[in-house]
Number of protein chains: 2
Amino acid sequence: MKQEDKIETEQLILEAAKKVFIEKGYAGARMQAIADEAQINKAMLHYYYRSKEALFSKILDSTVAIMAKQILPVLSGKGTVMEKVELLVGNYIDTITENPHIPMFVLNELAQDQVNFQEKMVAQMQNDDVFSKFMMQIMAEQKQGLLLPVAPHHFMLTVMSLIIFPFIAKPIFTGVMNIPEFMYMQMMQERKQIVIEIIKKSFVK
Amino acid sequence: MKQEDKIETEQLILEAAKKVFIEKGYAGARMQAIADEAQINKAMLHYYYRSKEALFSKILDSTVAIMAKQILPVLSGKGTVMEKVELLVGNYIDTITENPHIPMFVLNELAQDQVNFQEKMVAQMQNDDVFSKFMMQIMAEQKQGLLLPVAPHHFMLTVMSLIIFPFIAKPIFTGVMNIPEFMYMQMMQERKQIVIEIIKKSFVK
DNA sequence: TTTAAGTTTAACCGTTTGGTTAGTACAATA
DNA sequence: TATTGTACTAACCAAACGGTTAAACTTAAA
């Protein structure tokens with residue numbers, strides 16, 4: 001049927017584009033490669049999504065949304081800083097294990113900023129100033145004596161480093177240091193506990 | 001004079017190529033942009049370095065060499081694990097502060113691996129199995145009771161995360177969270193102490 | 001059964017890309 | 001001074017690129 005075919009094709013294109021863009025980056029991605037991946041004609045890409053930029057923009061939006069909907073509710077929810085961090089670590093590692101290319105993709109495009117990506121991130125992330133409020137909570141718990149008096153910026157940067165970087169560094173382990181895939185995956189699971197312990201020892205009184 | 005001009009031009013091209021490649025990545029870099037940056041004719045690039053790939057390869061080699069000569073001597077030198085880590089943290093943060101795009105560049109090209117980059121890293125890094133030996137040292141100090149019994153892989157991954165990621169995340173802070181450049185630079189200097197403290201609290205008995 | 005609207009295709013287009021070429025300018029050599 | 005080798009340039013080329021077009025096909029409604 002017509003309507004269903006259309007929706008199928010649209011979805012097919014999105015998935016193919018996601019794969020190619022995330023693997024190759026914006027500059028390295030080829031419209032023909034996306035068409036091949038989706039097993040459709042190249043003209044269809046422009047029929048459904050006007051241009052390469054427009055298609056890329058869609059992928060970027062949905063990718064950021066995946067992460068935002070994973071992170072923002074936790075940060076703005078109830079619980080102590082450490083309870084939130086524990087949730088974050090688990091959630092994030094599980095989500096990224098399923099889409100391991102996302103962090104590299106986001107950070108790379110953010111660094112090169114070819115498609116006014118920053119504004120989109122700002123729009124998604126500064127919703128209700130979730131980050132500012134979380135930093136306020138950190139400072140509050142520091143005054144209460146629950147957390148050590150380390151600058152909130154450094155606290156957040158540390159948490160981010162510990163959970164995001166291992167996925168960016170995957171090729172170093174599997175490629176350069178020759179650690180097999182399954183062992184790397186196992187490490188990522190072990191990370192959950194290790195990261196939480198590191199943060200507790202470093203920032204909790 | 002002829003000879004001097006040649007050396008000057010060669011160097012000019014290398015510096016221009018380094019800038020453009022590191023900022024834009026291999027796929028995003030344009031030979032014309034490199035020529036413009038070096039204020040020379042585009043044909044000169046091919047006169048001195050046969051192709052885009054060849055030129056890129058040169059840049060990649062020298063970039064990896066910069067990092068390797070910063071890291072390998074420390075790891076294979078004398079001193080306890082923690083003494084080595086303290087040296088590494090300081091050296092690395094200072095080196096990268098001067099070339100802030102290097103980590104993103106290396107990790108991105110490693111992930112996309114368009115130019116058999118992995119082999120080069122392996123060749124540079126597995127010199128004398130420096131990493132294996134360092135991991136052995138970690139295990140030895142754990143048996144001595146100097147370090148807590150955490151898997152050496154996780155120890156190294158943690159150290160790498162804490163010192164490399166902050167530079168990759170720069171656009172998040174300056175762009176998305178709107179933290180001014182000088183404040184970010186100040187954070188990177190403060191990091192030296194903070195990272196060392198985190199590692200001590202997390203891994204030293 | 002006709003019609004109109006939406007979907008898909010092949011073939012094509014203009015531009016940009018990495019790369020080449022034929023030739024110029026000039027310094028060193030003999 | 002004639003010659004030779006090297007640094008450099010403008011002009012060009014074929015291929016790859018993102019994007020368009022016009023026509024064919026499919027389907028649902030009139």
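Convention: sequence-line order gives letters A, B, ...; per-chain numbering from 1.
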Problem set entry | A:Thr9 vs C:dT8: side-chain N/O to OP1/OP2 distance below 4.0 Å | yes
Exercise. Closer than 4.0 Å, any side-chain N/O of A:Tyr47 to the OP1 or OP2 of C:dT8?
Worked result: no
Problem set entry | Aromatic plane relationship, A:Phe134 with A:Phe155 - under 30° parallel, 30 to 60° tilted, over 60° perpendicular | tilted
Exercise. For A:Ala35, which contact category applies under a 4.0 Å heavy-atom criterion: base, sugar-phosphate, or nothing?
Worked result: nothing
Exercise. Reckon B:Ala29 touches a base, only the sugar-phosphate, or nothing at all at heavy-atom distances under 4.0 Å?
Worked result: sugar-phosphate
Using the side-chain heavy atoms of [X], tell me which of these nucleotides is nearest: [options].
| X | options | value |
| --- | --- | --- |
| A:Ala43 | D:dG19, C:dG18, D:dT21 | D:dT21 |
| A:Arg30 | C:dT20, D:dC17, D:dT9 | D:dC17 |
| A:Tyr48 | C:dT8, C:dA10, D:dG19 | C:dT8 |
| A:Ser51 | D:dG19, D:dA10, C:dA10 | D:dG19 |

For this session: State, with a plain yes or no, whether a side-chain heavy atom of B:Ile138 is found less than 4.5 Å away from one of B:Met156.
Result: yes
Exercise. Hey, are B:Glu37 and B:Lys18 close enough for a salt bridge, meaning a charged N less than 4.0 Å from a carboxylate O?
Worked result: no
Problem set entry | A:Lys192/A:Asp94 ion pair, N-O < 4.0 Å | yes
Exercise. Below 3.5 Å, does any donor atom in the side chain of B:Lys52 face an acceptor in the base of C:dG19, or the other way round?
Worked result: no
Would you kindly give the [atom1]-to-[atom2] distance between [X] and [N], to the nearest whole Å?
| X | N | atom1 | atom2 | result |
| --- | --- | --- | --- | --- |
| B:His46 | C:dA22 | NE2 | P | 17 Å |
| B:Tyr49 | D:dA7 | OH | P | 12 Å |
| A:Lys42 | D:dC17 | NZ | P | 9 Å |
| B:Asn41 | C:dA22 | CG | P | 17 Å |
| B:Lys24 | C:dT17 | NZ | P | 11 Å |
| A:Met44 | D:dG18 | CE | C1' | 17 Å |
| B:Gln32 | D:dA11 | CD | C1' | 13 Å |
| B:Glu8 | D:dT6 | CD | C1' | 16 Å |

Exercise. Can you tell me how far CZ of A:Arg191 sits from CG of A:Leu162, rounded to the nearest 0.5 angstrom?
Worked result: 6.5 Å
